[in-house]
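Read through the structure below, which is laid out as structure tokens, and then see the notes.
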Amino acid sequence: MNIRFYNSLSKKVEDFKTIKPNQVSMYVCGPTVYNYPHIGNMRPVVVFDTLRRFLEYVGYKVTYVSNFTDVDDKIINKALQEKKSEKEVTEYFIGEFKNDIHCIGCKDPNVTPKVTEYMSQIISYIDVLIKKGAAYEKNGNVYFRVSKIKDYGSLSGINIDDLITGARVETNDEKESPLDFALWKKTSEGISWDSPWGKGRPGWHTECCVMIDTIFPPDGLIDIHGGGYDLKFPHHENEIAQAEARHNNKIANYWLHNNFININNEKMSKSLGNVIYAKDLIEQFGGNVVRMVILSTHYRAPVNFTNETIESSKNEVQKIENVYRQMALVLQINEKKIPTIGHASGMEKFLDSLADDLNTSNALAELYEVTKRANQSLRQREIDFDLIEQLFSTMSDMLSILGIDIKYVRLNTADKKLYEEYLAAKAKKDFSLSDKLRAELIEKKII
RNA sequence: GGUUCCUUAGCCAAGUUGGUAAGGCAAUUGACUGCAACUCAAUGAUCAUCGGUUCAAAUCCGGUAGGAACCUCCA
């Protein structure tokens, strides 16, 4: 299968070639855990979970790493404000985050490192950068020397001179250049660690490098690095700079960036007061619907949450659930076997769509095609059970790749008997009985 | 100020190297149906606008209008 991705680094669609055969190493920048996750936080999670599921389905062994930033000014402030320890704050919100992503159909990454667990590695990583002349210490702070990197700015397409003359870079007498960024910050307040440069805490940009470096030896080079596209600058640019200095590589062969979620055509922000927590949307509409809204648009385009787009996805999910459950019912009543995941036929166009830079819109079109065919098949006078079984299998596999979780009832003997009685009553035109039985079946979510 | 991107039917949305536009939601009509739900079928776009290149452009180039993002913490 020819898998292609748009690589933010080259700004081109490229064929996907892994470093090791049949294995994919993937890292996605995770959240800073100081508040409930908003819906925007869910986009990269859903996008890269879908990518991971797809890669696994087509046979790759995927090592998916996504971090938790549990050291940060916002966390320290929150802890001070609520008179709690930083750890209490971060543990709570990590739990909330995990809960949300499970509700929205995401599997846990293979590794979820936390900054606080990588402190010794971070310190030694910074130490190496200093020894290599790529970083320098001033008054207990350590800065990265951007001038050491000749093509700094290549990911984000930012011109260094423009940055400096743009006068939007904060001035700081300690730094050799305004572009230099902090690797280690001297702190007087909140949680801190001892280091060769005094008490302090690490800067944001180093943690991802160190985690990747540690988890993917020997040189911290991985296949895919993902995240929101706002992270291109400065975060990912700075990650690349550090890896260039440390290992002379660009961390990842493929840099993938997802676009944002808008709320009613506006960017979600605190100042606009339109921040929506993921948990609230999930509670109101269910994880499948929220996930469906996200998947309905290509990951590099913005997705808009409005009453209309949510309603649309809600109807789509409902339709898929209906036919899926009906097929499960028909198969079970007729003592046919329920196919297992991973062996479906008719997946070609669906998989091709996903192989094409994760085109979920086109993949969904294939899912709807199967949905329609299944509905048609269910209405035939002479039901073709083999066909139903095959369509059910196809649909199961598609849904499992997309992370849409649809439950159906496993019928026991009593359930089957109830259903048959319902059919019999209907056939006898005993509608008061059949209505009663129907209500029971609906109650049990069998039909 | 610098950089980048977007504009496809009421709404969402796809569209490899140019060859007269996937799919979904909603709507309308029809069908099915004891009732309801579910479902099926049919119906809609000169691709913001102007001009250029070309036998041929939603797709390439340029102008105009409108919108957005990044350059600062941000998914």
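Side chains included, hydrogens not; waters and symmetry mates left out as well; all remaining heavy atoms used. Note on naming: letters A, B, ... go to the chains in the order of the sequence lines (proteins, then strands), and numbering restarts at 1 for each one.
Atom NZ of A/K314 and atom P of B/C38 are 12 Å apart (whole Å). Spacing between atom CZ of A/F68 and atom P of B/A75 amounts to 13 Å, rounded to whole angstrom units. Between the CG atom of A/L423 and the P atom of B/G34 there is a distance of 14 Å, given to the nearest Å. Following rounding to the nearest Å, A/N307 (CG) and B/C25 (C1') show an atom-to-atom distance of 14 Å. Protein atom CD of A/E237 is 16 Å distant from nucleotide atom P of B/C70, rounded to whole Å. The distance from atom CZ of A/R43 to atom C1' of B/A75 is 10 Å, rounded to the nearest whole Å. Taking atom CG of residue A/N265 and atom C1' of nucleotide B/G67, one finds them 10 Å apart after rounding to whole Å. Note: CD1 (A/I294) to P (B/A75) measures 14 Å, nearest angstrom.
At a threshold of 4.0 angstrom between heavy atoms, the contacts of A/E366 with the nucleic acid are absent. If you check every strand for non-hydrogen atoms under 4.0 Å, A/Y368 touches sugar and phosphate atoms only. In this structure, A/I442 reaches neither bases nor backbone, as no heavy-atom distance under 4.0 Å exists between it and the strands shown. In this structure, A/S156 reaches neither bases nor backbone, as no heavy-atom distance under 4.0 Å exists between it and the strands shown. In this structure, A/P37 reaches neither bases nor backbone, as no heavy-atom distance under 4.0 Å exists between it and the strands shown. Using a 4.0 Å heavy-atom criterion, one finds that A/G40 contacts the bases of the nucleic acid, with or without backbone contacts as well.
B/G62 and B/G19: their C1' atoms are spaced 23 Å apart (whole Å). Comparing B/U49 with B/G67, their C1' atoms sit 15 Å apart, to the nearest whole Å. Straight-line distance between the C1' atoms of B/A27 and B/G44: roughly 10 Å, to the nearest whole Å. Separation of the C1' atoms belonging to B/G63 and B/U20 is 25 Å when rounded to the nearest angstrom. Across B/U53 and B/C6, the matching C1' atoms stand 24 Å from one another, rounded to whole Å. B/A69 and B/A37: their C1' atoms are spaced 45 Å apart (whole Å). Rounded to whole Å, the separation between the C1' atoms of B/G23 and B/C5 comes to 25 Å. For B/G18 and B/C60, the P atoms lie 9 Å apart once the distance is rounded to whole Å.
For residues 357-376 of chain A, the set of pairs meeting the salt bridge (Lys or Arg N to Asp or Glu O under 4.0 Å) definition, not counting sequence neighbours, comprises A/R300-A/D357, A/K349-A/E366.
Taking the nucleotide of RNA chain B with the nearest heavy atom to each of A/G157 and A/H38, the more 5' of the two is matched to A/G157. Residue whose closest nucleotide on RNA chain B sits further toward the 5' end, between A/M42 and A/T309: A/T309.
The one candidate from A/F216, A/Y254, A/W255 that meets the ring-ring contact (aromatic ring centres under 6.0 Å, His included) condition with A/H225 is A/W255. With A/V293 as the partner, the side chain to side chain contact (heavy atoms under 4.5 Å, CB included) test is satisfied by one option alone out of A/T306, A/N304, A/V303: A/V303.
You'll find a donor-acceptor pair under 3.5 Å spanning the side chain of A/R379 and the base of B/C38, going by distance alone. For B/A36, the base has a donor-acceptor partner in the side chain of A/R438 [N/O atoms by modelled type, under 3.5 angstrom].
Contact between the side-chain N/O atoms of A/N375 and the OP1/OP2 oxygens of B/C40 is found at a separation under 4.0 Å. Distances shorter than 4.0 Å separate none of the side-chain N or O atoms of A/N322 from OP1 or OP2 on B/A37. Contact between the side-chain N/O atoms of A/T297 and the OP1/OP2 oxygens of B/A13 is found at a separation under 4.0 Å. Remark: A/K232 is not in phosphate contact with B/A75, judged by side-chain N or O atoms under 4.0 Å from OP1 or OP2. Neither OP1 nor OP2 of B/A26 sits under 4.0 Å from any side-chain N or O of A/K319. Distances shorter than 4.0 Å separate some side-chain N or O of A/Q376 from OP1 or OP2 on B/A41. Between A/K11 and the phosphate of B/U4, there is no side-chain N or O to OP1/OP2 separation shorter than 4.0 Å.
A salt bridge between A/R145 and A/E176 is present, with a side-chain N of the basic residue lying under 4.0 Å from a carboxylate O of the acidic one. Between A/K279 and A/D100 no salt bridge is recorded (no basic side-chain N to carboxylate O distance below 4.0 Å). Using a 4.0 Å cut-off between charged nitrogen and carboxylate oxygen, A/E244 and A/K250 count as a salt-bridge pair. Salt bridge annotation for A/K78-A/D72: absent, with no cationic side-chain nitrogen under 4.0 angstrom from a carboxylate oxygen.
Between the side-chain ring of A/F260 and the base of B/A69, no stacking contact exists by the 5.5 Å and 30° definition.
Pairing for B/A48 is with B/U64, a Watson-Crick or G-U wobble pair whose two hydrogen-bonding atom distances lie under 3.5 Å. Using the Watson-Crick or G-U wobble rule with both distances under 3.5 Å, B/G18 pairs with nothing in any strand shown. With both pairing distances under 3.5 Å, B/C70 is matched to B/G2 as a Watson-Crick or G-U wobble pair. Base-pair partner of B/U54: not found among the strands shown (Watson-Crick or G-U wobble, both distances under 3.5 Å). Under the Watson-Crick and G-U wobble criteria, each requiring two contacts below 3.5 Å, nucleotide B/U39 is paired to B/A31.
Listed nucleotides: B/A75, B/G34, B/G23. Nearest to the side chain of A/K426: B/G34. Comparing atom distances between the A/S296 side chain and each of B/C71, B/C12, B/A75 picks out B/C12 as nearest. Across B/C38, B/C25, B/C12, the shortest atom-to-atom separation from the side chain of A/Q326 is found for B/C38. The side chain of A/N258 has B/A75 as its nearest neighbour among B/C12, B/A75, B/G24.
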Close N or O pairs between protein and nucleotides 15-20 of chain B (under 3.5 Å):
from	atom 1	to	atom 2	distance (Å)
B/G15	OP1	A/N359	ND2	3.0

Short heteroatom pairs, N/O only, protein and nucleotides 6-10 of chain B, under 3.5 Å:
none

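A side-chain donor-acceptor contact under 3.5 Å links A/Q242 to the backbone of A/N238.
Side-chain contact check for A/D223 and A/N253: no donor-acceptor pair (N or O, by modelled atom type) lies under 3.5 Å. A side-chain donor from one of A/D180 and A/Y136 sits under 3.5 Å from a side-chain acceptor of the other.
The aromatic rings of A/H236 and A/H257 lie tilted to each other, with the angle between the two planes from 30° to 60°. Ring-plane geometry between A/F233 and A/Y152 is classed as perpendicular, the angle between the planes exceeding 60 degrees on a 0 to 90 degree scale with a lower cut at 30. Note on ring orientation: taking the six-membered ring where Trp is involved, the planes of A/Y229 and A/F260 are perpendicular (angle over 60°, cut-offs 30° and 60°).
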Criterion side chain to side chain contact (heavy atoms under 4.5 Å, CB included) on A/I101 and A/M42, from CA distance to verdict: CA-CA 7 Å; A/I101 72 164; A/M42 293 299 110; 4.1 Å; yes

